[in-house]
Undergrad: 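Following this message is one structure expressed as structure tokens.
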Amino acid sequence: MHLLIPAAGSGSRMKAGKNKLLLKLNGESILYWTLKAVFLSEKVSWVGIIGQPYDKSEIINSIKEFSKKIHWINGGDTRQESVRNGVNNLPNNATKVLIHDGARCLIKPELIDKCFNELEDNDAVILAVKVTDTIKVVNKNRIIKETPNRNFLWAAQTPQGFLVTQLKKAHQKATENNWDVTDDASLFELLKWPVKIIEGNSTNIKITSPIDLKIASLFLTNS
Ligand code: CTP
Ligand code: MG
């Protein structure tokens, strides 16, 4: 199974002045912990890291023993562009692919395997968790427009898994139509292609703001 890791962001919300994936968490980079989980998965046999050329040497150094096992792909200005580059640079024998954000370093290897297994019966799958907050849709003046029924709300995570041919096609359509999305499942939704939800785990947070580093540190210490 092929797995791509988008790691080409700037981490602007982290306000660290550098790619947040290079920040230290319990002694190693965030990306190191992501790779540790990925390589513990029984199903993953090929891993591509999508990164900015200017981060390459620092990233390679920070992932230590995994540096020899990964394939490097240059990223783009947006996550969408980074994933598009990743998909277009997969080896020819890749039929299915999992996309997993470098920033989700607490992913459990078993959940990566679960995504892989569900891809046997579905063409597109994503890990997600039930939303526990009551979500408000607002207008530009922050006046509430509606409150969607929580029973139908799920918070999307990664891994997200797809057939390579379909994911390539979806990205091509996105370029043609100027679609601008924050995950790959969104492209399938715009194309009206079904995407199956797999129930994940609320510890699979995306490291986004400084508080997330503290939470992740606790989880890593206790797991
Ligand atoms: N990503 C990427 N290429 C980009 C932007 C983001 O590969 N041009 C990756 C990030 O490195 C991250 C994942 O996509 O692993 C999810 O993005 P996000 O959490 O938004 O990370 P950043 O874009 O780095 O953070 P911010 O939005 O706060 O700037
Ligand atoms: Mg971002």
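Residues: numbered from 1 along the sequence shown. Just follow the structure's listing: the first ligand is 1, and inside any ligand the first atom is 1. For clarity, every value in this text was computed on a predicted model and none was experimentally measured.
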Undergrad: Using a strict threshold of under 4.0 Å (side-chain N to carboxylate O), is an ion pair present between Glu28 and Lys64?
TA: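 So Lys64 pairs with Glu28 through a salt bridge.
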Undergrad: Is NZ or CZ of Lys96 both nearer than 6.0 Å to the six-membered ring centre of Phe162 and within 45° of the ring axis?
TA: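 No, cation not above the ring by the 6.0 Å, 45° rule.
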Undergrad: Can you tell me if Asp184 and His171 form a side-chain donor-acceptor pair at under 3.5 Å?
TA: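 Looking only at side-chain atoms, His171 and Asp184 do form a donor-acceptor pair, the distance falling under 3.5 Å.
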Undergrad: What is the ring orientation for Phe39 with Phe66, classed by angle as parallel under 30°, tilted 30 to 60°, or perpendicular over 60°?
TA: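 Phe39 vs Phe66 ring planes: parallel.
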Undergrad: Who's touching ligand 1 if we go heavy atoms under 4.0 Å?
TA: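 Pro6, Ala7, Ala8, Gly9, Ser10, Gly11, Ser12, Arg13, Lys20, Leu21, Gly76, Asp77, Thr78, Arg79, Ser82, Asp101, Gly102, Ala103, Lys206.
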Undergrad: Between Arg79 and Asp101, does any side-chain N to carboxylate O distance fall below 4.0 Å?
TA: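 Here Arg79 pairs with Asp101 in a salt bridge, since their nearest N and O are under 4.0 Å apart.
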Undergrad: Would you check if there is a donor-acceptor pair between the side chains of Gln160 and Asp183 at a distance under 3.5 Å?
TA: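 Side-chain D/A pair, Asp183 to Gln160: present.
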